[in-house]
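Heads up, the thing below is written out as structure tokens.
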Amino acid sequence: MSTRFYNTINRKKVEFEPITPGTVKLYTCGPTVYDTAHIGNFRTFIFEDLLKRFLVFKGYEVYHVMNITDVDDKTIKRAITEEITINELTLKYTEEFMNDIKSLKILPADKYPRATDHIDEMIKMIQALEENGYAYETEDHSVYFRLDAYDSYGQLTQIDLTQQRVNERIINDEYSKDNPQDFALWKARDDDDGKIYWESPWGRGRPGWHIECSAMSIKYLGNHFDIHCGGVDNIFPHHENEIAQSVSATQEPFVNYWMHSEYLQIHGDKMSKTLGNYYKISDLISEGFTAEEIRFTLLNAHYRSKLDFSLKQKQEARTTIQRITDFQQRLLELKDSSETESSIPDEFEEFVAALDDDLDTPKAFAIFFGWIRSMNKLLDRGEFKFSQINGGLDFIDKFDDLFAIIPDAESIPQNIYDLIKKREKARLKQDWKTADKIRNQLYQEGWLVADSPSGPKVRSKK
RNA sequence: GGCGUCGUACCCAAGUGGUCUAAGGGAGCAGUUUGCAAAACUGUCAUUCAUCGGUUCGAAUCCGAUCGACGCCUCCA
């Protein structure tokens, strides 16, 4: 079964074929480390995580690069207001980002290049653009990309610049540009930048935002690579500009597949720093969310549809995940270790097909849950083969390799374990009073005990 | 003004010409199980897809209009 992805540049689903068979080169736009990332940002990162896990599942060797933007207007401004160096600022938030990534079970990228470590590459790229006539220096020693020199501008966005509303800021601020819509490759230092600048052939300054991704993606993945991802807000102007400058600099095609995830909304509005209507990962954790619950909530909607986030979704995620783990537990209890054969269920193929179709996670979940139900029926009737138990457990493992929403088994503290044993003794003697007392005590300690034919089952109350 | 997305049950959410008298999850309800309980399991839960027209043998799916929500249009994932 072939894999199809929605490619923003064609605005339709197309078959995925990597440039080099068996290998996928993936670039995902990383965070600007001027502040804590919010779950809107993480929706994109979790979508990218799923994409990568799926490609790995399909047998591709994936080389994944995610940039860290550690210089731009916001980082500079913030460092200056906080009276710390830009490095101190960005290190702090980079570290925080890495912790969030890890706590959300997002697989790490192979490389996390920082913009400030690649100023030389950016300068070289700008020089190449200048030599080819795609860039020009202005009086204040900034360098701009000349949109008129690049015919195919607007391919990704399907935008006609002449029809766009030109906002006042462009007209006022950037009067020295040849065309108000030309974008900055290199920004000359100004007084607001303080001590934050780099030397360049055009004098002191710093790189423009777009050049950073072009320079770093090309350095690590080559002039022409497979997939470039980000949130929909990156489509214009960021990715559009990246295409323009990359193609102009290398005279080669840049990226084959552009994939963008939709916004996470809150109460129907875009979640953003500016509006202040956002949750950080740490906020959600203090609200009681686990990593798995956050992942489930974000993956439960298709990546290209808007998703309205609310704290209420925690309970839904919790119950749903519990359903999976209980079922997994049921299979584990039935497993016969002498049976080695594993028959993977038919639904597995449908499940993969759903993901092959542009990562249709809701559909994949639906197939998975449908399968759980039909298995449960078989188990209720005792009409199953042990190879099906093994196959079922394998399916669940594969499911979790892709989604990472099944929590690790809880370890039960010794004192809790002792209490459970004590209660079992009481129950054997039919001393219900004592048994209930201990059950209450366990509840107070935060543990739920459930009696089943195969003995008591314990889980933390959460 | 330009470009674009979306409107499916109480809530979330797939499906984009026939297998749809529309998946799946949550909530609700009923039952099974249980010393009791909790959990789990099972069943049930939209003749209908914002509205109105049209195309078609056939539409949630295509076209048009209307209403409503949202996004992008120079540095927000």
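Below, each value reflects all heavy atoms present in this structure, side chains not excepted, and no hydrogens, waters or symmetry copies. Numbers restart at 1 for each chain; the letters A, B, ... are given by sequence-line order, proteins then strands.
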Could you tell me whether [X] contacts a base, only the sugar-phosphate backbone, or nothing, with contacts defined as non-hydrogen atoms closer than 4.0 Å?
X      : value
A:S305 : sugar-phosphate
A:I235 : nothing
A:G40  : base
A:R427 : base
A:R439 : base

- Does the cation-pi check pass for A:R323 over A:F369, that is, NZ or CZ under 6.0 Å from the six-membered ring centre and within 45° of its axis? no
Considering every strand shown, what is the Watson-Crick or G-U wobble mate of [N] when both distances are under 3.5 Å?
N     : answer
B:C36 : none
B:C62 : B:G54
B:G7  : B:C67
B:U21 : none
B:G28 : B:U44
B:G1  : B:C73

May I ask you to check whether [X] and [Y] show a side-chain donor-acceptor distance below 3.5 Å?
X      : Y      : value
A:Q313 : A:T297 : no
A:Y153 : A:N241 : yes
A:T75  : A:D72  : yes
A:Y34  : A:D73  : no

Rounded distance (Å) that lies between atom [atom2] of [N] and atom [atom1] of [X]:
X      : N     : atom1 : atom2 : value
A:K377 : B:A40 : NZ    : P     : 18 Å
A:L334 : B:C41 : CG    : P     : 14 Å
A:D380 : B:G31 : CG    : P     : 18 Å
A:D233 : B:C72 : CG    : P     : 8 Å
A:D308 : B:G7  : CG    : P     : 14 Å
A:Y144 : B:U74 : OH    : P     : 15 Å
A:F45  : B:C76 : CZ    : C1'   : 12 Å
A:Q265 : B:U5  : CD    : C1'   : 10 Å

- Could you tell me whether the side chain of A:S103 and the main chain of A:D100 form a donor-acceptor pair under 3.5 Å? yes
If you measure from the [atom1] atom in [N] to the same atom in [M], how many Å do you get, rounded?
N     : M     : atom1 : answer
B:C10 : B:G54 : P     : 28 Å
B:G18 : B:G26 : P     : 29 Å
B:C12 : B:G17 : P     : 25 Å
B:A59 : B:U66 : P     : 24 Å
B:G4  : B:G43 : C1'   : 44 Å
B:A13 : B:A77 : P     : 23 Å
B:G68 : B:A22 : P     : 31 Å
B:U61 : B:A50 : P     : 8 Å

- Item | Euclidean distance, A:T8 OG1 relative to A:W258 CH2, rounded to 0.5 Å | 9.0 Å
Would you mind telling me which of [options] lies closest to the side-chain atoms of [X]?
X      : options             : result
A:K74  : B:C75, B:U42, B:A38 : B:C75
A:M271 : B:U74, B:A77, B:C36 : B:A77
A:Q313 : B:C75, B:C12, B:C36 : B:C12
A:N241 : B:C75, B:U42, B:U74 : B:U74
A:R423 : B:A40, B:U74, B:C36 : B:C36
A:Q181 : B:A14, B:U42, B:U74 : B:U74
A:L307 : B:C3, B:U74, B:A13  : B:A13
A:Y263 : B:C41, B:C76, B:U5  : B:C76

- Message: Can you confirm whether or not the ring centre of A:H38 sits under 6.0 Å from the ring centre of A:F309?
- Response: no
- A:F296 and A:F365 aromatic centres sub-6.0 Å: yes
- What is the ring orientation for A:H239 with A:H260, classed by angle as parallel under 30°, tilted 30 to 60°, or perpendicular over 60°? tilted
- Is A:K105 paired with A:E292 through a side-chain N to carboxylate O contact shorter than 4.0 Å? yes
- Item | A:C229: which of A:L51, A:N234, A:V255 passes side-chain contact (heavy atoms from CB on, under 4.5 Å) | A:L51
- Message: Taking side-chain contact (heavy atoms from CB on, under 4.5 Å) as the criterion, tell me which of A:M216, A:M125, A:E212 meets it with A:H118.
- Response: A:M216
Protein and nucleotides 15-21 of chain B: nitrogen or oxygen contacts under 3.5 angstrom:
unit_1: B:G15; atom_1: OP1; unit_2: A:D360; atom_2: OD2; d: 3.1

- Message: At under 4.0 Å between heavy atoms, how does the protein contact nucleotides 24-30 of chain B? Give one character per nucleotide, 5' to 3', with B, S or -.
- Response: SBSS---
- Item | Nearest-nucleotide comparison on RNA chain B, the residue closer to the 5′ end among A:A435 and A:R304 | A:R304
- With distance as the sole criterion, do the side chain of A:D451 and the base of B:C36 form a donor-acceptor contact below 3.5 Å? yes
- Query: Is a donor-acceptor contact shorter than 3.5 angstrom present between the side chain of A:D436 and the base of B:G35?
  - Reply: yes
